[in-house]
K.L.:
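Mind having a look at this structure? Questions to follow.
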Amino acid sequence: MTDSHAPGHAAPAHGSLGHADGGWSPLAGSVQAVVLDILVHGARPRTELAARLGLSGPSLTRITRPLLESGLLVERASLAPSGSGRPSVPLDLDPDAHHFVGVKLTRDRLFVVVADQRGRVLDGHDEALPDPSPAAVVDQVSGVVSSARGRDDRIRAVGVTVGGQVVDRAHVRHAPFLGWDDVPLADLLTATTGLPTWVENDVRALTQAEHWFGEGRGLRSFALVTIGAGVGLGLVAAGEVLGGAHSSAGSIGHQRIVVPVPVPVPVQTPAAPPAEASAPTCDLGHHDCAGAFLTVAAVEAAAARALGRPVAYDDLLALAADGHEEARVVVDTAADVLGQLIAGVLNVLDPEAVLLSGEGVRLATVGGAAVAAAIGRGTHGAVPPPRLIVQEFRFDEWARGAAAVAIQMHALGR
């Protein structure tokens, strides 16, 4: 894909999709194409696989014979022929041959999953992250990986994600929620865990998971917009997850927007709004960018100003859904900003679909009419309405995204 491991990053000790014993066996060319197609899309008859990859029957046989002999590929039950020909024998791989640890780091918690090589979560938990310093995080993640390996001897690699800028899937250049700058996290964890480890921006990793194993599978282009502690954007174009020239593609939270009409404070609430309801800014101090209106914290601050009391995010959405006037104004204001962002993505990329995710994604449902109206104002009328997919979100999806990065890099033999 777009990003690869950094020069000098420790070579993986437990190969790509290689042999059943986990030995290193990098894949390349048509061999890699065959395995990746089956990995992502599932079992396929030989004739269909050859046609998809532009291979002749003899070439496919030559490529797959050693893969079958090594146990990397397996033959599934025969399919009945559609005509008078012989039954078709689909080729597949064993998803349980290799497992991967995915770790998502937040400001104060660590989420971890173990996934098979098709991204299916087998196990997971979360725990407090009491000390966010790099040394303490490396120790804690190493302990989590060691514990997982004690229960599962098929774990081959580790993926870790953070909210921030990550370079070459190895180096955390800037992670504002953790207070990190210039941390060589992948090398540190590879050295302490004994496993190949890759690090990625959390939204880009979630995009990778959707691209290979989720709603984006089979699409050549889509966008993933996330709402939560931050506002993020993942992009897939021509079948590739985009990272950008400086690993900064998708910093949509800093997109300047048309400021919606201010939310009024109700006359019947004369008490001054609480201190925490002061006008929010993004992490760069902007007052007029998407992050200043659309994060969970920003929406809660707007609700506190409008209602004159603290209101939790989910409670605000419930109030708005029930017809509470001030709550509805707050929600629709934020939803308008979300619609503006989506319209910008549609104008630039024209994707096949836009996925909406993150812990704050219910805003897109409760404020759906405002989202649609803003998209309509901001896009060309001749373009068909976008295909919007609002996903039900669980926080371990972030960790699954981290595992998807490890699966991808392992499969590519990086």
Side-chain angles (χ1 to χ4, degrees), residues 203 206-207 210 214-216 219-228 230-237 250-264 280 288-296 298-303 306 311 313-393 397:
V203 176
L206 188 60
T207 305
E210 292 297 333
E215 296 280 3
L219 300 181
R220 296 289 292 167
S221 67
F222 70 88
L224 171 69
V225 179
T226 63
I227 311 165
V231 181
L233 172 66
L235 294 170
V236 170
S251 300
I252 200 170
H254 299 301
Q255 178 69 37
R256 301 298 175 93
I257 51 90
V258 177
V259 180
V261 176
V263 178
D288 59 349
C289 69
F293 288 90
L294 198 50
T295 65
V296 168
V299 173
E300 289 179 340
V311 184
Y313 188 83
D314 288 336
D315 293 338
L316 174 73
L317 295 177
L319 287 171
D322 288 341
H324 188 287
E325 183 178 354
E326 287 77 23
R328 170 53 64 185
V329 172
V330 173
V331 168
D332 285 348
T333 299
D336 183 276
V337 173
L338 176 59
Q340 290 184 52
L341 292 184
I342 294 171
V345 172
L346 294 170
N347 290 334
V348 171
L349 185 63
D350 187 24
E352 296 171 66
V354 177
L355 282 56
L356 303 175
S357 190
E359 57 269 32
V361 73
R362 280 192 60 232
L363 173 74
T365 300
V366 179
V371 171
I375 292 173
R377 293 195 312 270
T379 54
H380 197 289
V383 177
R387 179 186 170 202
L388 297 182
I389 302 172
V390 182
Q391 299 182 311
E392 183 178 350
F393 188 79
E397 288 296 314

K.L.:
Any non-hydrogen side-chain atom of L219 less than 4.5 Å from a side-chain atom of R387?
P.N.:
yes
K.L.:
Are any of the side-chain heavy atoms of E359 and Y313 separated by less than 4.5 Å?
P.N.:
no
K.L.:
Would you call V337 and V231 a side-chain contact if the rule is heavy atoms closer than 4.5 Å?
P.N.:
no
K.L.:
A side-chain contact here means heavy atoms from C-beta on lying under 4.5 Å apart; do L317 and V331 qualify?
P.N.:
yes
K.L.:
Set out, in order, the CA-CA distance, both residues' side-chain angles and the distance that settles side-chain contact (heavy atoms from CB on, under 4.5 Å) for L356 and I342, then state yes or no.
P.N.:
CA-CA 10 Å; L356 303 175; I342 294 171; 3.8 Å; yes
K.L.:
Could you check if a side-chain atom of V390 sits within less than 4.5 angstrom of a side-chain atom of R362, using non-hydrogen atoms only?
P.N.:
no
K.L.:
With rounding to the nearest 0.5 Å, note down the distance linking OG1 in T365 to CD in E392.
P.N.:
10.0 Å
K.L.:
Would the distance check show the side chain of R256 and the main-chain N or O of C289 forming a donor-acceptor pair, the cut-off being under 3.5 Å?
P.N.:
no
K.L.:
What distance separates I227 CD1 from T295 OG1, expressed to the nearest 0.5 Å?
P.N.:
10.0 Å
K.L.:
With rounding to the nearest 0.5 angstrom, report the CG to CD1 distance, L235 to I252.
P.N.:
8.0 Å
K.L.:
Which distance, rounded to the nearest 0.5 Å, do you find between the CG of D288 and the CD of Q255?
P.N.:
10.5 Å
K.L.:
Quick check: do L319 and V330 have side-chain heavy atoms less than 4.5 Å from each other?
P.N.:
no
K.L.:
Considering non-hydrogen atoms only, spot the tightest contact between V296 and G360 and give its length.
P.N.:
CG2-CA, 4.2 Å
K.L.:
Check whether any side-chain heavy atom of D336 lies under 4.5 Å from a side-chain heavy atom of R377, and answer yes or no.
P.N.:
yes
K.L.:
To the nearest 0.5 Å, what is the distance between CG on L349 and CZ on F222?
P.N.:
10.5 Å
K.L.:
List the steps, then state whether side-chain contact (heavy atoms from CB on, under 4.5 Å) holds for L363 with L294.
P.N.:
CA-CA 9 Å; L363 173 74; L294 198 50; 3.4 Å; yes
K.L.:
Where do L316 and V311 come nearest, in terms of heavy atoms and distance?
P.N.:
N-CG1, 3.7 Å
K.L.:
How far does OG1 of T333 sit from CZ of R328, to the nearest 0.5 angstrom?
P.N.:
10.5 Å
K.L.:
Please report the closest heavy-atom contact between G378 and N347, naming both atoms and the distance.
P.N.:
O-ND2, 2.8 Å
K.L.:
How close do Q391 and E215 get, heavy atom to heavy atom, and via which atoms?
P.N.:
NE2-CG, 3.1 Å
K.L.:
Do L388 and I375 have side-chain heavy atoms sitting under 4.5 Å apart?
P.N.:
yes
K.L.:
State, to 0.1 Å, how close G216 and L355 come at their nearest heavy-atom pair, and which atoms those are.
P.N.:
N-CD2, 4.3 Å
K.L.:
Would you name the heavy atoms of P351 and S221 that are closest together and state the gap between them?
P.N.:
CA-OG, 3.5 Å
